[in-house]
Student: 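The following block contains the structure, expressed as structure tokens.
Index from 1, following the sequence. If you're wondering where the values come from, they're calculated on a predicted model, not measured in any experiment.
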Amino acid sequence: QVQLVESGGGLVQAGGSLRLSCAASGGTFSSYVMGWFRQAPGKEREFVAAISWRGGTTYYADSVKGRFITSRDNAKNTVYLQMNSLEPEDTAVYYCAATGRWLTLWVPEGYDVWGQGTQVTVSS
């Protein structure tokens, strides 16, 4: 089973950008649909974005559409989340997740494997 490790989080001012990476190991990366979720303190984990096996199809939450872009490099076993025009409301722990199915991508239950998360803090 694949293991996932996120990186790239940090502290950024509002209006700034960050790029998160999620490196996969121990499995066939190209056989997984990849998703991004985030969880702010006291809130439920919420869907951010998903990308299909070869990257040809992406899907975004309305709250990040037009600001965030997800992509993947199957040769490097890595998925990315480019976050632009960051807002304080984007502050959360960001997780990547993997599933073999293009179904119910917007709920955590749709994924089988999770990374440990990386903190993103946006100051106003």
Side-chain angles (χ1 to χ4, degrees):
Q1 183 166 306
V2 69
Q3 291 87 46
L4 305 173
V5 177
E6 301 95 335
S7 61
L11 174 64
V12 63
Q13 288 188 335
S17 299
L18 280 176
R19 188 176 82 155
L20 305 183
S21 299
C22 172
S25 62
T28 304
F29 182 64
S30 59
S31 68
Y32 292 95
V33 172
M34 299 300 296
W36 289 95
F37 284 74
R38 65 187 182 185
Q39 188 166 19
K43 295 188 176 180
E44 294 186 350
R45 194 167 296 192
E46 67 169 350
F47 172 76
V48 174
I51 186 166
S52 60
W53 299 268
R54 295 182 182 180
T57 302
T58 54
Y59 179 45
Y60 297 94
D62 288 343
S63 59
V64 305
K65 200 172 294 182
R67 300 189 298 123
F68 290 11
I69 300 172
T70 188
S71 60
R72 66 190 296 164
D73 185 339
N74 286 350
K76 295 183 178 180
N77 291 345
T78 302
V79 62
Y80 304 97
L81 184 68
Q82 177 67 43
M83 304 185 295
N84 303 317
S85 301
L86 283 162
E87 303 167 353
E89 293 74 22
D90 296 317
T91 295
V93 177
Y94 282 71
Y95 299 90
C96 66
T99 177
R101 309 169 300 277
W102 186 262
L103 288 172
T104 57
L105 299 174
W106 54 93
V107 295
E109 292 75 16
Y111 295 81
D112 306 306
V113 182
W114 291 83
Q116 84 289 349
T118 186
Q119 176 71 47
V120 171
T121 303
V122 184
S123 63
S124 57

Student: In Å and rounded to the nearest 0.5 Å, what is the OG to CD distance from Ser124 to Gln13?
Tutor: 9.5 Å
Student: Working note: Gln3 + Val113, criterion side chain to side chain contact (heavy atoms under 4.5 Å, CB included); need CA distance, chi angles, decisive distance, verdict.
Tutor: CA-CA 7 Å; Gln3 291 87 46; Val113 182; 5.9 Å; no
Student: Angle class for the Tyr59/Phe47 ring planes (parallel below 30°, perpendicular above 60°, tilted otherwise)?
Tutor: tilted
Student: What are the two closest heavy atoms between Thr118 and Gly9, and how far apart are they?
Tutor: OG1-N, 3.2 Å
Student: Side chains of Thr70 and Tyr60, heavy atoms from C-beta outward: is any pair under 4.5 Å?
Tutor: yes
Student: For the residue pair Ala98 and Met34, what are the closest heavy atoms and their distance?
Tutor: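 For Ala98 versus Met34, the nearest heavy atoms are CB-SD, 3.6 Å.
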Student: Which pair of non-hydrogen atoms, one from Gly100 and one from Tyr32, has the smallest distance, and what is that distance?
Tutor: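 Heavy atoms of Gly100 and Tyr32 come nearest at N-CD2, 4.3 Å.
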Student: Working to the nearest 0.5 angstrom, can you tell me the gap between Glu6 CD and Cys22 SG?
Tutor: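 Glu6 CD to Cys22 SG: 5.0 Å, rounded to 0.5 Å.
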Student: Classify the ring geometry between Trp102 and Trp53 as parallel (under 30°), tilted (30 to 60°) or perpendicular (over 60°).
Tutor: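 Trp102 and Trp53: tilted rings.
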Student: Any idea which heavy atoms bring Leu105 and Tyr111 closest together, and the distance?
Tutor: O-OH, 2.9 Å
Student: I need the Asp90 CG to Leu18 CG distance, nearest 0.5 Å.
Tutor: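 Going from the CG atom of Asp90 to the CG atom of Leu18 covers 10.0 Å.
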Student: Assigning hydrophobic clusters by single linkage (Ile, Leu, Val, Met, Phe, Trp, Tyr; side-chain heavy-atom cutoff under 4.5 Å), is Val64 placed with Val33?
Tutor: no
Student: Answer with yes or no whether the hydrophobic clustering places Trp36 together with Trp106; edges join I, L, V, M, F, W, Y residues whose side-chain heavy atoms lie under 4.5 Å apart.
Tutor: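 As far as the 4.5 Å side-chain criterion goes, Trp106 and Trp36 are not connected within one cluster.
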Student: Do Tyr80 and Asp73 pass the side chain to side chain contact (heavy atoms under 4.5 Å, CB included) test, and can you show the C-alpha distance, the side-chain angles, and the key distance before you say yes or no?
Tutor: CA-CA 8 Å; Tyr80 304 97; Asp73 185 339; 4.1 Å; yes
Student: Transitively linked via ILVMFWY side-chain contacts under 4.5 Å: Val93 with Val12?
Tutor: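 In one cluster with Val93: Val12, no.
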Student: Tell me whether Ile51 shares a hydrophobic cluster with Val48, the cluster being built from Ile, Leu, Val, Met, Phe, Trp, Tyr side chains joined at under 4.5 Å.
Tutor: yes
Student: Taking the side chain from Arg72 and the backbone from Gly55, do they hold a donor-acceptor pair closer than 3.5 Å?
Tutor: no
Student: Can you tell me if Arg101 uses its side chain to pair, donor with acceptor, with the backbone of Gly110 under 3.5 Å?
Tutor: yes
Student: Side chains of Ser63 and Arg38, heavy atoms from C-beta outward: is any pair under 4.5 Å?
Tutor: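 Counting from C-beta outward, Ser63 and Arg38 do come under 4.5 Å.
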Student: What distance separates Thr99 OG1 from Trp114 CH2, expressed to the nearest 0.5 Å?
Tutor: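 Reported value, rounded in 0.5 Å steps: 10.0 Å.
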Student: Honestly curious: do Val122 and Tyr95 fall in one hydrophobic cluster under the side-chain, below-4.5 Å linking rule?
Tutor: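 As far as the 4.5 Å side-chain criterion goes, Tyr95 and Val122 are not connected within one cluster.
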Student: About how many Å separate CD1 of Ile69 and CG of Asn84, when rounded to the nearest 0.5 Å?
Tutor: 6.0 Å
Student: Looking at every heavy atom in both Ser30 and Asn74, which two are closest together, and how far apart are they?
Tutor: CB-ND2, 3.6 Å
Student: How close do Ser21 and Thr78 get, heavy atom to heavy atom, and via which atoms?
Tutor: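 Nearest heavy atoms, Ser21 then Thr78: CB-CG2, 4.2 Å.
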Student: Are side-chain heavy atoms of Leu81 and Val79 found at a separation under 4.5 Å?
Tutor: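 Side chain of Leu81 against side chain of Val79, heavy atoms only: no contact under 4.5 Å found.
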Student: For the atom pair CG (Leu11) and OG1 (Thr91), what is the distance rounded to the nearest 0.5 Å?
Tutor: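 The distance works out to 8.5 Å.
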Student: So Leu20 and Met83, do their side chains get closer than 4.5 Å, heavy atoms only?
Tutor: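 Met83 reaches Leu20 side chain to side chain.
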Student: May I ask you to decide if the ring planes of Phe68 and Tyr94 are parallel, tilted or perpendicular, using 30° and 60° as cut-offs?
Tutor: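 Rings of Phe68 and Tyr94: tilted, as their planes differ by 30° to 60°.
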